[in-house]
Amino acid sequence: MPTLQNTTSSSIIFLLTGVPGLEAFHTWISIPFCFLYATALSGNSLILFAIVTQPSLHEPMYYFLSMLSTTDLGLSISTLVTMLGIFWFNKREIGFNACLSQMFFIQLFTVMESSVLLAMAFDRFVAISNPLRYASVLTDLKIAQIGVAIITRGTVTLTPMVALLKRLSYCRSHVLHHSYCFHPDVMKLSCTDTRINSAVGLTALITTAGVDLMFIVLSYVLIIKTVLCIASPGERKKAFSTCISHIGAVAVFYIPLISLSFVHRFGKQAPPYVHTLIANAYLLIPPVMNPIIYSVKTKQIRKAVLHVLHLSMTKAR
């Protein structure tokens, strides 16, 4: 019978996994990952810098976009070291406490991104349904309060989920199936009863991303109802066009997240590379795509980013 190990011990080491079956090609596989990380970090940093430095972007919509870019930066940085460490140096070991810390921040930034997308949906609803009161409803103080509430909500929701992993004993294989620590993945390595952990994790997912998605859909139902009451076709088109970027951001966030949740709970027979592909898509697609979506679809962001790039090139000469 295996010997139970105390999860509070610093001696517990988990082994992360790159791309199963393609370990010999990890150096080559790291090239597209490096490109994606560079795109995510530079794109979100550029948008954040543009919003901070351009007074014309000091509006509620762009404050929420700066929150989105901040969460995307956090999500990318949370996994950068472990993922590239595996591909470049085959460094797979991660301590138990370090694993829990990484897991907490990955989940925290995920919950924060979901919350920011909900706040952005509310922003679009107020802007379209009651434009005259837009500035009075979404004041700077109100936006700051929303930001604090987003961080507090994520911390309070996720702390019990991560802390409960410390009560488990890990006497099975310590090999994780991803290149980062993910709650269901770590939980499956326990040889003790994990029903409470599973219930808390599922509850956290439903009460954050699940509830947020429900209210985002409700917001767009109300937005569509409001827009259809506008008599002018041109005005209707203009109103809908302000939502395109946000709809794209919602899609690139929730589709990989829902896919990963389903694969972990119902795709036990799926090939290992399917888990790896979806797990990495969940982490990298939103941070990479959000700056592109907003730069292409939002004229003010595109002009601000080009202005910042022009100034940078001018100073470099």
Side-chain angles (χ1 to χ4, degrees), residues 5-17 37 40-41 44 67-86 91-118 147-170 174-190 192 194 196-212 253 256-257 260-261 264-265 278-280 282-284 286-287:
Q5 297 186 35
N6 185 352
T7 58
T8 61
S9 172
S10 60
S11 63
I12 294 180
I13 301 293
F14 290 122
L15 297 177
L16 301 171
T17 300
Y37 272 114
L41 295 174
N44 285 290
M67 294 182 191
L68 187 68
S69 293
T70 301
T71 59
D72 281 335
L73 283 171
L75 195 60
S76 299
I77 293 171
S78 297
T79 59
L80 175 66
V81 174
T82 56
M83 190 174 291
L84 295 185
I86 292 170
K91 183 174 175 55
R92 300 176 56 199
E93 299 85 2
I94 184 169
F96 180 75
N97 290 327
C99 185
L100 292 191
S101 298
Q102 184 188 48
M103 181 195 309
F104 174 79
F105 283 108
I106 290 174
Q107 299 291 104
L108 176 63
F109 287 119
T110 299
V111 170
M112 287 175 60
E113 181 143 351
S114 175
S115 302
V116 171
L117 290 173
L118 174 58
V148 172
I150 287 172
I151 297 173
T152 304
R153 178 202 189 197
T155 303
V156 171
T157 303
L158 297 174
T159 298
M161 185 188 78
V162 175
L164 282 172
L165 291 173
K166 284 182 167 287
R167 74 180 185 88
L168 301 179
S169 296
Y170 299 87
H174 287 179
V175 178
L176 299 170
H177 294 96
H178 301 313
S179 52
Y180 56 89
C181 292
F182 190 57
H183 181 260
D185 201 17
V186 174
M187 190 173 59
K188 289 176 182 177
L189 299 184
S190 173
T192 49
T194 60
I196 294 177
N197 298 74
S198 182
V200 171
L202 183 60
T203 301
L205 178 64
I206 293 173
T207 56
T208 53
V211 170
D212 291 346
F253 174 76
L257 177 61
L260 181 61
S261 299
H264 263 285
R265 295 187 181 277
I278 295 177
N280 291 329
Y282 150 71
L283 282 178
L284 290 173

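These numbers come from the heavy atoms of this one structure, side chains and all, not from hydrogens, waters or symmetry mates.
- Annotation: side chain of N197 is in contact with side chain of R167 (closest heavy-atom distance under 4.5 Å).
- Taking a 6.0 Å sphere around CG of L15, one finds it holds more than 12 heavy atoms contributed by other residues, nucleotides or ligands.
- Using a distance-only test at 3.5 Å, with no hydrogens or angles considered, a donor-acceptor pair links the side chain of T71 to the main chain of L68.
- Residues passing the ring-ring contact (aromatic ring centres under 6.0 Å, His included) test with F109: none are found, sequence neighbours excluded.
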Please step through side-chain contact (heavy atoms from CB on, under 4.5 Å) for the pair V111 and T157, ending with a clear verdict. CA-CA 9 Å; V111 170; T157 303; 5.7 Å; no

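- S198 places no side-chain N or O within donor-acceptor distance of the main-chain N or O of T194, the cut-off being under 3.5 Å.
- In plain terms, the two heavy atoms of L73 and A40 that are nearest each other are CD2-O, 4.3 Å.
- What you find for L257 and A209 is that their closest heavy atoms are CD2-CB, 3.8 Å.
- The two residues M83 and Y180 make their nearest non-hydrogen contact at CE-CD2, 4.4 Å.
- In this structure, I12 CD1 and C99 SG are separated by 10.5 Å, a value rounded to the nearest 0.5 Å.
- Atom CZ of F105 has 12 or fewer neighbouring heavy atoms from other residues, nucleotides or ligands inside a 6.0 Å radius.
- Between H174 and F14, the ring-plane angle classifies as perpendicular under the 30° and 60° cut-offs.
- Nearest approach of G201 to M161, heavy atoms of both residues: CA-SD, 3.8 Å.
- To the nearest 0.5 Å, atoms CG (L80) and CG (L41) are separated by 6.5 Å.
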Verify side-chain contact (heavy atoms from CB on, under 4.5 Å) between V162 and H183, making sure each step is shown before the conclusion. CA-CA 8 Å; V162 175; H183 181 260; 5.7 Å; no

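- Interatomic distance, OG1 of T155 versus CZ of R153, reported as 11.5 Å (0.5 Å rounding).
- Here the options are L75, L117, I150, the test is side chain to side chain contact (heavy atoms under 4.5 Å, CB included), and the partner is M112; only I150 passes.
- Judged by distance alone, the side chain of T17 and the main-chain N or O of S179 form no donor-acceptor pair under 3.5 Å.
- Residue T110 comes nearest to F253 through the heavy atom pair O-CZ, 3.4 Å, listed as atom of the first residue, atom of the second, then distance.
- For the atom pair CG of L108 and CD of E113, the computed distance is 11.5 Å after rounding to the nearest 0.5 Å.
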Show your working on side-chain contact (heavy atoms from CB on, under 4.5 Å) between N97 and K166 and close with a plain yes or no. CA-CA 9 Å; N97 290 327; K166 284 182 167 287; 3.0 Å; yes

Are T82 and Q102 close enough, and set up right, to give a side-chain contact (heavy atoms from CB on, under 4.5 Å), and what steps lead you there? CA-CA 9 Å; T82 56; Q102 184 188 48; 2.9 Å; yes

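- Between F182 and the choices Q107, M103, H177, the side chain to side chain contact (heavy atoms under 4.5 Å, CB included) rule is met once, by Q107.
- Of all the heavy atoms in R92 and L16, the pair that sits closest is NE-O, 2.6 Å.
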